[in-house]
Amino acid sequence: MGKAYPLEPMEVKQVSTKYRKIVTKIPVPESIPILEKLRQWEPRSMSGQPLVVWHRAKGINVYDSWGNMWLDFSSGVLVTNSGHGNPRVCKAIKEMVSRPFLHNYCFPSEVRANLVEKIAQLAPEPLKKVFLLTTGSETIECAIKLCRTAGRKISPEKKVIVSFEHAFHGRTLGSQMVGGIPSLKEWIGNLDPDMVQVPFPGDPRQQDRSFDVFINTLKDKGVNFDNICGVISETYQGGSAAFLPVEYAQKLREFCDQHQAFLVFDEIQAGFGRTGKLWGFQHYGVLPDIFTLGKGISSGLPIAAVVGRPEIMDLYDPGTMTSTHTGNPVCSASAIANIDYIIEKKLPDHAEKMGKIFEKELNRIKEKYPAVGFVCGKGLVWALSIVKPATIEPDGDTAFEIVKKCVEKGLLLFAPVGFGGASLKIAPPLIIKRDAIIEGCSVIEEAIAETCQ
Ligand SMILES: Cc1ncc(COP(=O)(O)O)c(C=O)c1O
């Protein structure tokens, strides 16, 4: 975990197809001064991604300044759902900038009104109030705050937040504490004893996927169920693209109802069509009390949202739950154009159809190469978990090499994520077509074959 790709230009095979073009060494020799500048002036933590110096990005392609073009299986980091540089999104941004209207804090604006109305109309009843923020992590902080605020109204002890092992909810204090990756929390020191994690039932390594594990783990941890104010789960776990079993999700909903706890779905990755449905929780046939959005909401500019039942969202008095950049006009305009595009072009349905092609191709690759331990996903989000020979132990080093080879061949993946840093995550823009999927999967296969001979 936590490695940087070497700044050493390597001779690679030249590539020229409809979707990929590699005409230089990788990393590009001329890009090294830029990469060195970043390494000099940014914290080391920023140097984790493959060494592609982005110059522009359009549709399903990313370009550098030296003639190379990548087929993008990353969407940045699951952001550009309606495609990179979607012309309608760009037009909406330009209009707002040329007006000019760049900032208005929490003063009213028509564009913010239109965006919250749009999201509320797309959200199922009774989740009809929307609070705009800037990043995903902030929406999780806000969800925690709302769960605990409501809990305290019932009893001062009703403050336990339950979440899942291996979960990722962001990098701020609260979002890391409800996250389920212990190594990310070491710095916190005094962890909140009322934030507890239970095993994630969708994890392919998890033997018992029944809801009994939830109940028994909480009992073992000495949690009084009536003290739980909220249960937070990613709709699917970002690290593995693994989903909850449907029956488990339904029992979880019943449990929350029985114990007056809110169910919160973190839809920051899953929302806006990524999983083949507009909202990921539609796969489970249950409704959350609160859900959080980010990433694909705008396909580019930073904006995020918390959506919930009005009586929850209205817990705070005027002026006491706000943010400097809430509903920034440029970001809001871009989000409206993006959401309209996703709905008009029926991108969730398209993602569902394209997902079937990935499912087939990736499982074919898994059958052929034992290094691929698990394939999980739905719609246009997938993960291949790379394992050590004849085990289910994650192999982060091999995954790191496979990503490097893909990038050298013109397929853009971000650095491996998830348990042991061993998941190759696949998440192209939702406008991708069949031939590009087949081409990208063949590159992944070649890279695995070359790395794992
Ligand atoms: C599921 C999930 N929740 C929360 C976050 C945090 O979002 P942000 O990086 O915008 O703070 C992420 C980001 O990767 C995520 O994938």
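Remember, it's a predicted structure, so these values are computed and weren't measured experimentally. In this chain, numbering begins with 1 at the start of the sequence shown. When a ligand or atom number is given, it counts from 1 through the structure's own listing order.
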Intermediate values then yes/no, side-chain contact (heavy atoms from CB on, under 4.5 Å), Phe414 and Val77: CA-CA 7 Å; Phe414 50 74; Val77 62; 4.0 Å; yes
Within the heavy-atom cut-off of under 4.0 Å, ligand 1 is lined by Thr135, Gly136, Ser137, Phe168, His169, Gly170, Glu234, Asp266, Ile268, Gln269, Lys295
Sequence neighbours excluded, the answer for side-chain hydrogen bond (donor to acceptor under 3.5 Å, both in side chains) partners of His259 is Asp226
Strictly below 4.0 Å, N to O, side chains only: are Arg88 and Asp340 in salt-bridge contact? no
On a heavy-atom basis, the closest approach of Ile342 and Pro348 is O-CD, 3.7 Å
Hits for salt bridge (Lys or Arg N to Asp or Glu O under 4.0 Å) against Asp349, two or more places apart or cross-chain, chain-then-number order -> none
Across all chains, not counting sequence neighbours, the side-chain hydrogen bond (donor to acceptor under 3.5 Å, both in side chains) partners of Thr217 are none
